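First up is the structure itself, then whatever we jot down about it.
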There are 2 protein chains.
Amino acid sequence: MDNAGRQASPSFDRRRRRHLQTREEILDAALEVMSEEGVAALNLTEVARRVGLRQPSLYQYFDSKTAVYDALFSRGMRQHTAALRDAASAAGGGLAALRAAMIATVRFSVDNPVLSQLLFTRAVPGFTPSAEAYRPSLEAQELLQSELATAVQRNELHPEADSERGRGLLIALAAGVSSLQDANDPGAAFDDGRFTPLIEPALEMYASYFAPDR
Amino acid sequence: MDNAGRQASPSFDRRRRRHLQTREEILDAALEVMSEEGVAALNLTEVARRVGLRQPSLYQYFDSKTAVYDALFSRGMRQHTAALRDAASAAGGGLAALRAAMIATVRFSVDNPVLSQLLFTRAVPGFTPSAEAYRPSLEAQELLQSELATAVQRNELHPEADSERGRGLLIALAAGVSSLQDANDPGAAFDDGRFTPLIEPALEMYASYFAPDR
DNA sequence: GTCTATAATAGGATAGAC
DNA sequence: GTCTATCCTATTATAGAC
């Protein structure tokens, strides 16, 4: 191959690292712009300005505006899945992990409202995520399902909790609290939100509805 | 006044009715376009084409694109409030009315996803509804609160249900089910939705959590 | 890899004839 | 009240020099 030697050289690695770093900066700037102008109103000229480039130079990093959205989607899904996984594993599995995961999800949604719109709603007209970008969300689903099974096995929840209905209700609670917060107290962080504390009684309500002895 | 005589004449009334009717047709077409292209991607040229007019003629009916959004918002809020009010009064007040109102809200959201995005989220960048357009939603809030009070008085719900926390949880349930449906099974009507049936156990969960004897 | 210049398009809004 | 014509601006994307 032509570039076999170049791939092995340290300068090539440095260049590639720099390239990837600039890509990240572009994505960060894109999120900023979307925060200010709206998810659907991503403006590449403004993004370029913020990273200190001219607009055509962005095409060295992304093939199109849609590619920027897709990279944001992919990175966002990975971040969300990681947050969920970390919270669940720190809580030690089972019902405690489910609680922690749902709280982490609300926190993520509220602290990243723009990204959440991109990830969880159809806010951007032409955009459909690629299969690769969508994949991390499958891991998150599996993780949730596995913790539900654990909670049932540990006799922390009724077996009915580990059904499509039970899973749906759990997710609906997190989605509901997030959207309530976003609609009625936008801009507030998770820890300052007027509605985010509702996730606690919501999970309590869920746990008592699916109590093991029912 | 100059037009005192004209206002009294039947032809003036006819003309005014026709004008208002065309306004409605424009709003309907706008919703159609938004359904296909995205809430934020309202395109006045396309709207004009669908109602059989040229784009500049729309300015006889609305001063600007924002005015179209505002009229949609106003009409949508009135429709939602009416649906909620009708459902509640048909159910006879109290807990039954609350259930009916929440189901009506989910139905409205799922059957009008685009309109719901405009009403309940910040999907359209530059747009903020006028105070007048926003008013009907206050009536809906009062109605909900009054039925909560009734349900407590009738000993159908624990007094704690009629608190900010209780109200928040109730609304979060409806919002959660709606957003779950929209995100995971978009396009389906309320009666065919894979997730809309969750509103029933959700309300059951709510009622048992706020059972009067707890 | 970044730039200038520019193409290509789209879409909101206004002027003025009929 | 509707039209044609047009303006104006914004913004994605490409060509080609350095």
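Please read these numbers as outputs of a predicted model, since none were measured by experiment. First the proteins, then the strands, lettered A, B, ... as listed; each starts at 1. No hydrogens, no waters, no symmetry mates; every other heavy atom, side chains included, goes into these values.
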Handout entry: B/Ser57 side-chain N/O to D/dG1 phosphate OP1/OP2 under 4.0 Å
Key = no
Exercise for the section: Starting from P on C/dT4, measure out to CD on A/Gln55 and report it in whole angstrom. Expected result: 12 Å
Exercise for the section: Measure from CG on A/Asn43 to C1' on D/dT12 and round the result to the nearest Å. Expected result: 10 Å
Fill in the blank from the handout: Between CG of A/Leu58 and P of C/dT4 the distance, given in whole Å, is 13 Å
Problem - Nearest-angstrom distance from the residue atom CG of B/Leu42 to C1' of C/dG12 - result: 11 Å
Handout entry: Residues A/Arg75 and A/Asp28 bridged, charged N to O under 4.0 Å
Key = yes
Completion exercise
Quick note, A/Thr45 side chain, CB onward, closest among D/dT12, C/dC3, C/dG11 is D/dT12
Problem - CZ/A/Arg16: more than 12 non-hydrogen atoms of other groups inside 6.0 Å - result: no
Exercise for the section: Return the value, rounded to whole Å, for the distance between atom CZ of B/Arg18 and atom C1' of D/dT2. Expected result: 12 Å
Completion exercise
Judged by nearest nucleotide, the residue sitting upstream toward the 5' end of DNA chain D, A/Leu44 or B/Arg54, is B/Arg54
Fill in the blank from the handout: To the nearest angstrom, the CZ-C1' distance between A/Arg23 and C/dG1 comes to 16 Å
Exercise for the section: Quickly work out the A/Gln60 CD to D/dT14 C1' distance and round it to whole Å. Expected result: 12 Å
Fill in the blank from the handout: Here the distance between atom C1' of D/dT12 and atom OH of A/Tyr59, to the nearest Å, is 5 Å
Handout entry: Residues in salt bridge (charged side-chain N to carboxylate O under 4.0 Å, His left out) contact with B/Glu36, at least two apart in sequence or another chain
Key = B/Arg50
Handout entry: Under-4.0 Å side-chain N/O to phosphate OP1/OP2 contact, A/Tyr69 with D/dT12
Key = no
Exercise for the section: Just call it for A/Phe62: base, sugar-phosphate, or nothing, with non-hydrogen atoms closer than 4.0 Å on any strand. Expected result: nothing
Problem - Pair B/Arg78, B/Ser74: side-chain N/O donor-acceptor within cut-off below 3.5 Å - result: yes
